[in-house]
A.B. asks: 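Take this structure, written in structure tokens, and hold onto it; I'll ask about it next.
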Number of protein chains: 2
Amino acid sequence: MAKIKPGKNASKRDVITQKAAALFKTKGFSSASMRELAEAVGVEAPSLYNHIGSKSELLQGICFKVANAFTSYLDSAENTPANHATRLEQIIRFHISMMLDHFDEVYVANHEWKHLKEPYLSNFLIQRRGYEKRLISLLENGIAAKEFKQTNPYVAVLTILSAVRGLEFWQQHKKNISSQVLEDDMVNHLLKGITK
Amino acid sequence: MAKIKPGKNASKRDVITQKAAALFKTKGFSSASMRELAEAVGVEAPSLYNHIGSKSELLQGICFKVANAFTSYLDSAENTPANHATRLEQIIRFHISMMLDHFDEVYVANHEWKHLKEPYLSNFLIQRRGYEKRLISLLENGIAAKEFKQTNPYVAVLTILSAVRGLEFWQQHKKNISSQVLEDDMVNHLLKGITK
DNA sequence: TACAAAAACTAATAAGCATTAGTTTTGTAA
DNA sequence: TTACAAAACTAATGCTTATTAGTTTTTGTA
């Protein structure tokens, strides 16, 4: 049987993880079997265990890679000299680009995290909650600085994060809209609304 | 063992379906077992089959009940005399109230539809796609009538539907925000933006 | 060319799954 | 009280699952 082909900068473990993300996305974590994953990789199921520890471990890897990417960007955005509105726009654009460039993994992190085992499940939720709180602070500060309207910052963050997440539908439909139009229209909508 | 207690206007089948929605929401359709459902209902697993046909049938019932509720409302909204912006606002408010009042079922319809079997899966997707197209038409007409800004109507619909879906996070956190503030702030955000 | 490590294979294990069959209990109405 | 139907129960079936054990093949290096 053909061996697992690692790319230039990707270990065999990375190849398996990427295939797993695609599979978990389409079938869901629980419905996806290691046999299916093995077939996608081009190998028998038990051979996977030469490279990974368990099915759960694959999910953990995917979820935390995504979570850490968002956290890291927020770290840097908070240290950027810019007003709050500009910073918020940059963050929204980063979310959109993550959705477009790492769709499978972001989708899995968004949808399948609940199948993480403890203590990973708790850690993931704590990290996500911390991220949300920092965004809420950004909104609060922007409101205090009169850059944003008087609105509930929690609701605003919820609205923005959810809207951006919705790009998963666009990805699935593969509409013929340039990703630049998509990004700009969505940013404008979320910042300035649609009514005249 | 205790028998299944139907409420006043609910058949035993309805009771099981409601419990199933709650279970499918927390564990996911594939991970939820009929044993667990039976335990939630207060009965042994095989007894469920006196009232339902299969696990799949439960998911079908939930998904199409939700889909039909949205379709019906849109039917009526399209025949209401009002301008496009008002109609859009009503539809957004209906989505929000569905999320708040029928959370379990809407959540399951949004997250677990992919486990529907054919031909239900195809039918569900067709119905959802039709719904989206009608909303896009509403946006297009509103833009033509100069009630909405010049923007890509597909992106706008995507943004709105996704934002409203995000209420599932609010439900989980059970934040101390009145649902009226939530609804009004979100509607304002989606229609008028947040920057001053 | 030979050796050692990595990674593939086959076979097996043990657990969990939805569902069916057959039987007993329960509730209702004559 | 009796009879019938509805709905519960126990036991069993057959299938799928992730994972382990043990063995063979492949690969890279001296």
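The structure displayed is predicted, hence computed values, not measured ones. To find a chain, count down the sequence lines: A is the first, B the second, and so on, and within it residues start at 1.
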A.B. asks: Across the strands shown, which category fits B/Ala32 at heavy-atom distances under 4.0 angstrom: base, sugar-phosphate, nothing?
C.D. replies: sugar-phosphate
A.B. asks: Can you tell me how far P of D/dT19 sits from CD1 of A/Ile52, to the nearest Å?
C.D. replies: 7 Å
A.B. asks: Rounded to whole Å, please give me the gap between CD in B/Glu44 and C1' in C/dT19.
C.D. replies: 15 Å
A.B. asks: Would you say the side chain of A/Asn50 and the base of C/dA8 hold a donor-acceptor pair, judged only by whether the two atoms sit under 3.5 Å apart?
C.D. replies: yes
A.B. asks: Let me know the distance between CD of A/Glu57 and P of D/dA18, rounded to the nearest Å.
C.D. replies: 15 Å
A.B. asks: Which nucleotide, in any strand shown, forms a Watson-Crick or G-U wobble pair with D/dA30, with both distances under 3.5 Å?
C.D. replies: C/dT1
A.B. asks: If only side-chain N and O atoms count, and only distance matters, is there a donor-acceptor pair under 3.5 Å linking A/Gln90 with A/Thr80?
C.D. replies: no
A.B. asks: May I have the distance from B/Tyr49 (atom OH) to C/dG22 (atom P), rounded to whole angstrom?
C.D. replies: 18 Å
A.B. asks: Have B/Gln60 and B/Ser56 got a donor and an acceptor in their side chains that come within less than 3.5 Å?
C.D. replies: no
A.B. asks: Nearest to the B/Ala45 side chain among C/dT19, D/dT20, C/dA18, which nucleotide is it?
C.D. replies: C/dT19
A.B. asks: Please tell me which of the listed nucleotides, D/dC9, D/dA18, C/dA18, lies nearest to the side chain of B/Val43?
C.D. replies: D/dC9
A.B. asks: Nearest heavy-atom pair of B/Ala32 and B/Phe24: which atoms, and what distance?
C.D. replies: CB-CD2, 3.7 Å
A.B. asks: Let me know the distance between NZ of A/Lys55 and P of D/dT19, rounded to the nearest Å.
C.D. replies: 8 Å
A.B. asks: Atom NZ of residue position A/Lys19 - does it have more than 12 heavy atoms of other residues, nucleotides or ligands inside 6.0 Å?
C.D. replies: no
A.B. asks: More 5' along DNA chain C: B/Ser30 or A/Pro46, using each one's nearest nucleotide?
C.D. replies: A/Pro46
A.B. asks: Nearest-Å distance, CG (A/Leu23) to C1' (D/dT17)?
C.D. replies: 14 Å
A.B. asks: Give a yes or no answer on whether the side chain of B/Lys25 reaches the backbone of B/Phe103 with a donor-acceptor pair at less than 3.5 Å.
C.D. replies: no
A.B. asks: Under 4.0 Å between a side-chain N or O of A/Ser47 and OP1 or OP2 of C/dC9?
C.D. replies: yes
A.B. asks: Between atom NZ in B/Lys12 and atom C1' in C/dG27, what is the gap in whole Å?
C.D. replies: 9 Å
A.B. asks: Given atom NE2 of A/His51 and atom C1' of D/dT19, what is their separation to the nearest angstrom?
C.D. replies: 16 Å
